[in-house]
Amino acid sequence: MTESTALQSDHRTVLLRGGDVHSPADPFATAMVVERGHVAWVGSEGAADAFASGVDEVIDLEGALVTPAFTDSHVHTTSTGLALTGLDLSGARTLADALGLVRAYVKSHPGERVVLGHGWDATRWPEQRPPSRAELDAAAAGLPVYLPRVDVHSAVVTTALLDLVPGVTALTGYHPDAPLTGAAHHAVRAAAHGAVTPRQRAEAQRAALAQAASLGIGTVHECAGPEISDEEDFTALLKIAAEQSGPRVFGYWAERIEDAKGAARIRELGAVGAAGDLFVDGSLGSHTAFLHEPYADAPHTGTAHLDAAQIAAHVTACTEAGLQAGFHAIGDAAVSAVVAGVRAASETLGLARIRAARHRVEHAEMLTPETIAGFAELGLTASVQPAFDAAWGGPDGMYAGRLGAERAGTLNPYAALLRAGVPLAFGSDSPVTPLDPWGTVRAAAFHRTPEHRISVRAGFTAHTRGGWRAVGRDDAGVLVPGAPADYAVWRTGELVVQAPDDRVSRWSTDPRSGTPGLPDLTPGSELPVCLRTVVFGQTVYVRPNE
């Protein structure tokens, strides 16, 4: 791909031509004009000649594909950056591998006050267990070490880190020689992250945003809160995003509110909602998701953090203040509590006001026909992570181990959600699963449970326009005149229209239907390579040597 100048500005008029432009305004578009940070025109190569002499810059796409930039609707930015710059255990294939990575990291970073790691998953190890406290102490050579499980709902830590948290042994979720959960986990996490210097934090945040930009992600939804990070981390991220060239950041602060004063504080932080990871329950991997029936491999039903009455009070306060509410809910009992709570709020305030607020639910994995119908009725957005199914679904995956094959097969029913009219917004929950937008769309289109599969087009929409709709914007995430010029340029193969079943929407695969094509995401095929990412007309990433 060639261009006449290195960078474009939101005040310059730019013509892109000679490629494929994914736009509902013209399914066969090969060119686009950007002016003052917005899409001004899309159309054919022949019509582009009329614009060529009146623009500040012409970019020859050389056959590349232009799409709306992706929105990742659930990110933990600082943790993502720390995983990029710190100790990554996601590649460990055995317990011994993990301990070896800890030893090597400690040896190569002698000046660190605390070691932050991420990504271990004992269900993938032959030992089927995490490191013991003694094993981790020996590997860490006396340093405080915090190693959250891949789902970030439990963690193994060293004795040196526990010593920094007075009274931790009396907290709920403390286990002498097993992963910490609940209040004990939150306390050690706060201590570990409290040791991160402002410089380290800023470096991590910039690294995460740069990684997102390099993958064609133009917007991220930061899901923060008092049990996840802290206010200083949150406001520092929003400041960096506002001051530097990079992806947009919409911040959610997961704190329960009861009145207008609480809502005002959320706004003062710069948050767009009191939502995100406001925990109704935990996770399946850590046995803390709240279930109607016990786990298949544990004699309990998980942990409930909020009940329907508390949910109703939060939703009512947010709605009355014109603020978006939202919750983290994974287990079927947790999702049922959310639907019951939001419905109770609608009985107080009226259904129209609840629907207009576009409240959202993160993860929403264990759904039933009744709760799906509830989401549709109440206008709830399902902010979901298809990579979870790719990582842990299937008959031999972690979900089946936790729930049994029958219940596991009901998880993440994207097709049923779309049929019911529930808005979908796709994300990664990074660093739980990596920033990987095309891989996310592939995971939804080739779901491990075939009846839950959706078309590539529907998945792509959920990962672009769906993320904007989840923050209340219907005018973005699509390349049509008047929309913000947030787009990405891709090197990819032949464009196709992929549906999950030949019997479904067969007409749309015919070129005469005018359905814009997208890259072939069949498992095993190469994913598109991002050449450029642009946010509001400003180039935020250019692939080296392109």
Side-chain angles (χ1 to χ4, degrees), residues 73-78 172 182-183 185-187 189-190 193-194 220-239 241-242 249-282 290 303-329 334-335 337-364 378-381 383 425 470-473:
S73 297
H74 194 119
V75 176
H76 303 287
T77 307
T78 303
T172 303
H185 176 218
H186 297 156
R189 176 165 57 192
H193 282 271
V220 300
H221 296 181
E222 164 67 12
C223 291
E227 293 185 352
I228 301 165
S229 53
D230 58 51
E231 293 181 12
E232 184 179 359
D233 179 276
F234 182 66
T235 55
L237 171 64
L238 296 182
K239 187 172 187 289
V249 176
F250 290 108
Y252 286 94
W253 186 254
E255 186 170 344
R256 192 155 55 95
I257 67 169
E258 298 179 350
D259 51 30
K261 183 178 179 181
R265 207 184 75 77
I266 298 294
R267 286 199 174 93
E268 287 167 5
L269 287 173
V272 297
D277 279 332
L278 182 51
F279 296 117
V280 178
D281 68 344
F290 183 39
T303 305
H305 298 298
L306 297 175
D307 60 25
Q310 293 168 314
I311 291 165
H314 179 72
V315 171
T316 299
C318 286
T319 306
E320 288 181 324
L323 194 65
Q324 198 175 21
F327 305 92
H328 162 121
V335 175
V338 169
V339 170
V342 179
R343 183 172 286 127
S346 75
E347 291 167 358
T348 301
L349 301 177
L351 182 59
R353 289 185 68 186
I354 294 296
R355 289 180 59 87
R358 301 193 190 188
H359 304 308
R360 53 190 281 175
V361 184
E362 309 302 313
H363 316 309
L378 299 164
L380 295 173
T381 295
S383 172
V471 293
R473 290 277 300 272

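Index from 1, following the sequence. No experiment lies behind these values; they were computed from the predicted model shown.
For the residue pair Ala329 and Val361, the shortest heavy atom distance occurs at CB-CG1, 4.0 Å. For the residue pair Val272 and Phe250, the shortest heavy atom distance occurs at CG1-CD2, 4.0 Å. Taking both residues in full, the closest heavy atoms of Ala263 and Ala321 are given as CB-CB, 3.4 Å, listed atom of the first, atom of the second, then distance. Residues Ala274 and Glu255 share a closest heavy-atom pair of CB-O, 3.7 Å.
Annotation: cation-pi geometry satisfied between Arg360 and Tyr252 (NZ/CZ under 6.0 angstrom from ring centroid, within 45° of ring axis).
Glu258 meets the side chain to side chain contact (heavy atoms under 4.5 Å, CB included) test with Arg256; sequence neighbours excluded.
At least one side-chain heavy atom of His328 sits less than 4.5 Å from a side-chain heavy atom of Asp281. For the pair Leu323/Ile257, a side-chain contact is recorded, criterion being any heavy-atom separation below 4.5 Å from C-beta on. Counting heavy atoms from C-beta outward, His193 and Asp230 have side chains that stay 4.5 Å or more apart.
The CG atom of Leu269 lies 12.0 Å from the CZ atom of Arg267; values are rounded to the nearest 0.5 Å. Rounded to the nearest 0.5 Å, atoms NE2 (His305) and CG (Leu278) are 10.5 Å apart. The distance from atom CZ of Arg473 to atom CZ of Arg358, rounded to the nearest 0.5 Å, is 11.0 Å. With rounding to the nearest 0.5 angstrom, the CD1 atom of Ile228 is 10.5 Å from the CZ atom of Phe234. Interatomic distance, Asp277 CG to Glu227 CD, rounded to the nearest 0.5 Å: 10.0 Å. Atom-to-atom distance recorded for His186:NE2 and Thr172:OG1 is 11.0 Å, nearest 0.5 angstrom.
Of the possible donor and acceptor atoms, one in the side chain of Gln324 sits under 3.5 Å from a partner among the backbone N and O of Ala470. At distances below 3.5 Å, at least one donor-acceptor pair connects side-chain atoms of Gln310 with backbone N or O atoms of Asp307. Judged by distance alone, with hydrogens and angles left aside, the side-chain atoms of His359 form a donor-acceptor pair with the main-chain N or O of Ala325 at under 3.5 Å.
Between His74 and His363, the ring planes are tilted. Angles from 30° to 60° get that label.
In this model, no donor atom of one side chain and acceptor atom of the other lie less than 3.5 Å apart for His76 and Ser229.
Checking each of Thr316, Leu351, Thr319 against Ser346 for a side-chain contact (heavy atoms from CB on, under 4.5 Å) leaves exactly one that passes, namely Leu351.
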